[in-house]
Amino acid sequence: MSKVPPSYGDLGKAARDVFNKGFGFGLVKLDTKTKTTNGVEFSVNGTSNVDSGKTTANLETKYKWPEYGLTFVEKWHTDTTLNTEITIEDQLAKGLKLTFDTAYTPNTGKKSGKVKSAYKMDHFHSNVDVDFDFAGQTIHGAFVLAHEGWLAGYQVAFDTAKSKLLQNNFTLGYQADDFELHAFVKDTTNFGGSIFHKVNPNLDAGVQLNWVQNTNNTIFAIGAKYKIDKDSHFNAKVNNSSEIGLGFTNTIRPGVKLTLSTQIDAKRLNQGAHKLGLGIDMEA
């Protein structure tokens, strides 16, 4: 197992993937990827919400210049927003990654920018991002420490214009080859955690728990992913609100993947509150 810990945002990711990947309730999604002979990558993603009828899409182009550690990304969205990212990694210092991200919306003339940095080494991973705004900057910071499988992290966000603390989060976890434990506290009012267990090469299982102090609301869920064969897998999850999620993903042919999913409200079986989802991924 790598000595470099995951970033703060990736803590508990294995369990989240069990609950999030392979499901797309109430959505019809189409994702396509292709790559030219000179290394330029194109991605087109479209999503239609069945309930609202709203459709969104974006086009992304990416080019990597590995000998200089550079990556260029441009994104066009249906809301007319244009994003440009330039990333440089392991050039100024080993383990250091810098990203310059700008956004421009022609319809409104709105402009924004962000500088993101990440530094990782054995037993340590940190991130510092700065959002630029004419009214003032927002600074986001996080770090994770690791020792013999144990992980501890802290995340903070500060609005310089209002001199206000926006985020104040803590996390503690343990990571092994087939097991992950993650617990967190968000702004001293939101408490939660997750467990991930790779039961065997074909079966992943996860548990999530969340409690919000102000609402006294508790969410508990269990989920699993079962690999049927090399081309297909089945996902299932259920929470304490009696919402059952089922998903099936199959590689129809090389480069074409189909995902079908449904959410069943067990409390309202006869009221039509259920949702269906369809996803198609194509890669060439």
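From a predicted model like this one, the values you see are computed outputs, not experimental measurements.
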Check your understanding: Does any N or O in the side chain of His233 come within less than 3.5 Å of the main-chain N or O of Lys225, such that one atom is a donor and the other an acceptor?
Key -> no
Check your understanding: Cut-off 3.5 Å, side chains only: do Thr81 and Asp79 have a donor facing an acceptor?
Key -> yes
Point to revise | Flag, side chain of Thr47 to backbone of Thr56, donor-acceptor distance under 3.5 Å | key: no
Review point. Side-chain contact, heavy-atom cut-off 4.5 Å: Tyr63 with Val73?
Key: no
Point to revise | Main-chain N/O of Gly109 paired to Thr105 side chain as donor or acceptor, under 3.5 Å | key: no
Exercise for review: Return yes when atom CD1 of Ile222 has more than 12 non-hydrogen atoms of other residues, nucleotides or ligands closer than 6.0 Å, and no otherwise.
Suggested key: no
Review point. Is the backbone of Ala57 close enough, under 3.5 Å, to the side chain of Thr78 for a donor and an acceptor to pair up by distance?
Key: yes
Practice item. Can you measure from OG (Ser194) to CZ (Phe19) and round to the nearest 0.5 angstrom? Key: 8.0 Å
Review point. Between the side chains of Asn190 and Asn210, does any donor sit under 3.5 Å from an acceptor?
Key: yes
Review point. To the nearest 0.5 Å, how far apart are OG1 in Thr99 and CD in Glu85?
Key: 6.0 Å
Exercise for review: Test Lys75 against Thr61 for side-chain contact (heavy atoms from CB on, under 4.5 Å), laying out the working first.
Suggested key: CA-CA 7 Å; Lys75 299 178 183 178; Thr61 62; over 6 Å; no
Review point. Parallel, tilted or perpendicular: which fits the ring planes of Tyr119 and Phe124, with parallel below 30° and perpendicular above 60°?
Key: tilted
Check your understanding: Parallel, tilted or perpendicular for Tyr68 and Trp65, by the 30°/60° rule?
Key -> perpendicular
Review point. Among Asp178, Asp204, Asp177, which one satisfies side-chain hydrogen bond (donor to acceptor under 3.5 Å, both in side chains) with Lys198?
Key: Asp204
Point to revise | Side-chain ion pair, Asp10 and Lys13, N-O less than 4.0 Å | key: no
Check your understanding: Tell me the side chain to side chain donor-acceptor pair (under 3.5 Å) pairs involving residues 25-34, sequence neighbours left out?
Key -> none
Review point. Does Lys54 offer a backbone N or O that forms a donor-acceptor pair with the side chain of Ser52 under 3.5 Å?
Key: yes
Review point. Does His197 use its side chain to pair, donor to acceptor, with the backbone of Phe179 at less than 3.5 Å?
Key: no
Review point. Are Leu30 and Val28 in one and the same hydrophobic cluster, where Ile, Leu, Val, Met, Phe, Trp and Tyr link if side-chain heavy atoms are under 4.5 Å apart?
Key: yes
Review point. Do Asn168 and Asp187 meet the criterion of a side-chain donor-acceptor pair at a distance under 3.5 Å?
Key: no
Exercise for review: Would you check if Lys116 and Asp101 make a side-chain contact, meaning some heavy-atom pair closer than 4.5 Å?
Suggested key: yes
Check your understanding: Is a donor on one side and an acceptor on the other found under 3.5 Å between the side chain of Ser43 and the backbone of Glu60?
Key -> no
Point to revise | Cluster overlap Val185 with Leu209, hydrophobic side-chain contacts below 4.5 Å | key: no
Check your understanding: Do side-chain atoms of Asp90 reach the backbone of Gly95 as a donor and acceptor pair under 3.5 angstrom?
Key -> yes
Exercise for review: Kindly write out the residues that satisfy ring pair (Phe, Tyr, Trp, His ring centres under 6.0 Å) with Tyr154, not counting sequence neighbours, or none if the list is empty.
Suggested key: Phe170
Review point. Do the side chain of Lys64 and the main chain of Thr71 share a donor and acceptor less than 3.5 angstrom apart?
Key: no
Point to revise | Lys120 atom NZ, over 12 foreign heavy atoms within 6.0 Å | key: no
Check your understanding: Would you say the side chain of Asn250 lies within less than 4.5 Å of the side chain of Phe248, judging by non-hydrogen atoms?
Key -> yes
Review point. Do Leu260 and Tyr226 share a hydrophobic cluster, counting only Ile, Leu, Val, Met, Phe, Trp and Tyr and linking them when any side-chain heavy atoms are less than 4.5 Å apart?
Key: no
Exercise for review: For the residue pair Leu246 and Asn235, establish whether any side-chain heavy-atom pair is separated by less than 4.5 Å.
Suggested key: no
Review point. Going through the checks in order, is the side-chain contact (heavy atoms from CB on, under 4.5 Å) test met by Asp17 and Phe196?
Key: CA-CA 10 Å; Asp17 286 348; Phe196 170 81; over 6 Å; no
**Study point:** Donor-acceptor contact present, side-chain Asn239 to main-chain Ser241, <3.5 Å
**Key:** yes
**Study point:** Minimum side-chain heavy-atom gap Thr262-Phe25 below 4.5 Å
**Key:** no
Exercise for review: Taking the side chain as every heavy atom from C-beta outward, state whether Leu278 and Leu258 have any atom pair closer than 4.5 Å.
Suggested key: yes
Point to revise | Sole candidate of Val130, Asp131, Thr138, Asn83 that passes side-chain contact (heavy atoms from CB on, under 4.5 Å) when paired with Lys114 | key: Asp131
